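Data block below; observations after.
The model shown is predicted, which means the values in this text are computed figures rather than measured ones.
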Amino acid sequence: QLQLVESGGGLVQPGGSLRLSCAVSGFTLVYHTIGWFHQAPGKEREGVSCISSRDGSTYYADSVKGRFASSRDNAKNTVYLQMNSLKPEDTAVYYCAATYRPFQATCVPDFHSYDYWGQGTQVTVSS
């Protein structure tokens, strides 16, 4: 049973910060690349970030570069997305997802490349 569970979402004012967590179970995190995606009401799911299996190399969408940071703690089976300088347009449901890539050094948050998905956590940025 492969599971990913997001947490850490909530309501924050513009310019504020949140840290999302993605707790994984049923598989070995070190062999999987983890992606972060978000989906706003009425819009398609979009890639935000990913962190690779092999060396923790990260990728960020242009819209979040310099503001978001992905990290992973393989010992804790947890991946994090630190979100700073949040904007109203960041408001969305955020999902983490996994794909089996035991030797991947780089990654892209391509929706169709990920096999296992969490349930999502709501992030709302509003004054």
Side-chain angles (χ1 to χ4, degrees):
Q1 188 79 258
L2 307 180
Q3 294 186 8
L4 300 89
V5 179
E6 303 95 336
S7 63
L11 175 64
V12 65
Q13 292 185 323
S17 298
L18 287 172
R19 189 178 75 160
L20 305 184
S21 297
C22 176
V24 306
S25 62
F27 63 93
T28 303
L29 180 60
V30 71
Y31 297 138
H32 290 74
T33 285
I34 304 297
W36 288 96
F37 302 81
H38 68 189
Q39 186 168 20
K43 297 184 179 180
E44 295 184 346
R45 193 168 300 182
E46 297 179 330
V48 175
S49 179
C50 59
I51 183 164
S52 68
S53 60
R54 193 170 80 181
D55 62 2
S57 179
T58 53
Y59 170 90
Y60 301 96
D62 288 342
S63 61
V64 306
K65 285 181 179 177
R67 300 190 297 120
F68 290 11
S70 297
S71 62
R72 64 194 295 152
D73 188 334
N74 291 328
K76 296 183 181 296
N77 287 338
T78 302
V79 175
Y80 304 97
L81 182 66
Q82 179 67 45
M83 305 186 296
N84 299 320
S85 301
L86 284 162
K87 304 175 181 179
E89 52 263 44
D90 296 319
T91 296
V93 177
Y94 283 74
Y95 300 86
C96 62
T99 184
Y100 180 67
R101 297 287 190 273
F103 307 110
Q104 187 171 34
T106 59
C107 66
V108 174
D110 181 351
F111 178 88
H112 299 286
S113 297
Y114 292 80
D115 304 303
Y116 310 105
W117 292 80
Q119 83 290 344
T121 186
Q122 177 71 49
V123 172
T124 302
V125 184
S126 177
S127 60

Taking the side chain as every heavy atom from C-beta outward, state whether Tyr31 and Ser53 have any pair of such atoms under 4.5 Å apart.
-> no

Aromatic ring proximity Phe111/Trp117, centre distance under 6.0 Å | yes

State plainly whether one hydrophobic cluster holds both Tyr80 and Val12, where clusters connect Ile, Leu, Val, Met, Phe, Trp and Tyr through side-chain heavy atoms under 4.5 angstrom apart.
-> no

For His32, enumerate each residue passing the ring-ring contact (aromatic ring centres under 6.0 Å, His included) test, keeping only those at least two apart in sequence or located in another chain.
-> Phe27, Tyr100

Closest approach of Lys87 and Val125, non-hydrogen atoms and distance?
-> O-CB, 3.3 Å

Would you say the side chain of Asp115 lies within less than 4.5 Å of the side chain of Leu2, judging by non-hydrogen atoms?
-> no

Reported OG1-to-CG distance for the pair Thr78 and Leu4, which is rounded to 0.5 angstrom = 10.5 Å

Any side-chain heavy-atom pair of Pro88 and Pro14 under 4.5 Å = yes

CG-CG distance between Asp90 and Leu18, expressed to the nearest 0.5 angstrom | 10.0 Å

With Arg45 as the cation and Phe37 as the aromatic partner, state whether NZ or CZ is under 6.0 Å from the six-membered ring centre and within 45° of the axis.
-> no

For Tyr95 and Gln39, run side-chain contact (heavy atoms from CB on, under 4.5 Å): C-alpha distance rounded to whole Å, both residues' side-chain angles, the deciding distance at 0.1 Å, then the answer.
-> CA-CA 8 Å; Tyr95 300 86; Gln39 186 168 20; 4.2 Å; yes

Between CG of Asn77 and CZ of Arg72, what distance do you get to the nearest 0.5 Å?
-> 9.5 Å

Heavy-atom closest pair (Val123 atom, Gly9 atom, distance to 0.1 Å) is CG2-CA, 4.1 Å

The reported gap from OG in Ser17 to CZ in Phe68 (rounded to nearest 0.5 angstrom) is 9.5 Å

Are the side chain of Thr99 and the backbone N or O of Ser113 linked by a donor-acceptor pair below 3.5 Å?
-> yes

Got a sec: does the CD of Glu89 have more than 12 other heavy atoms crowding it under 6.0 Å?
-> yes

Which heavy-atom pair separates Ile51 from Gly56 by the least distance, and what is that distance?
-> CG1-O, 3.5 Å

Salt bridge (Lys or Arg N to Asp or Glu O under 4.0 Å) assessment of Asp62 paired with Lys65 | CA-CA 5 Å; Asp62 288 342; Lys65 285 181 179 177; 3.0 Å; yes

Counting distance only, does the side-chain N/O of Tyr114 pair as donor-acceptor with the main-chain N or O of Thr33 below 3.5 Å?
-> no

Does Val93 belong to the same Ile/Leu/Val/Met/Phe/Trp/Tyr cluster as Tyr116, with side-chain heavy atoms less than 4.5 Å apart forming each link?
-> no

Test side chain to side chain donor-acceptor pair (under 3.5 Å) applied to Ser52 - qualifying residues, sequence neighbours left out | Asp55

Could you give the distance from SG (Cys96) to CD (Gln119), rounded to the nearest 0.5 Å?
-> 7.5 Å

Kindly write out the residues that satisfy side chain to side chain donor-acceptor pair (under 3.5 Å) with Ser85, not counting sequence neighbours, or none if the list is empty.
-> none

Under a 4.5 Å cut-off applied to non-hydrogen side-chain atoms, are Val24 and Val79 in contact?
-> no

Heavy-atom check, side chain of Glu6 versus side chain of Leu20, under 4.5 Å | no

Side chains of Asp73 and Ser71: closer than 4.5 Å at any heavy-atom pair?
-> no

Quick one: closest heavy-atom pair of Ser70 and Ser49, and the distance?
-> OG-OG, 2.6 Å

So do Thr91 and Gln122 actually touch side chain to side chain, heavy atoms under 4.5 Å?
-> yes

In Å, rounded to the nearest 0.5 Å, how long is the span from CG of Asp110 to OH of Tyr59?
-> 10.0 Å

Least distance between heavy atoms, Ala92 atom then Ala40 atom | CB-N, 3.8 Å

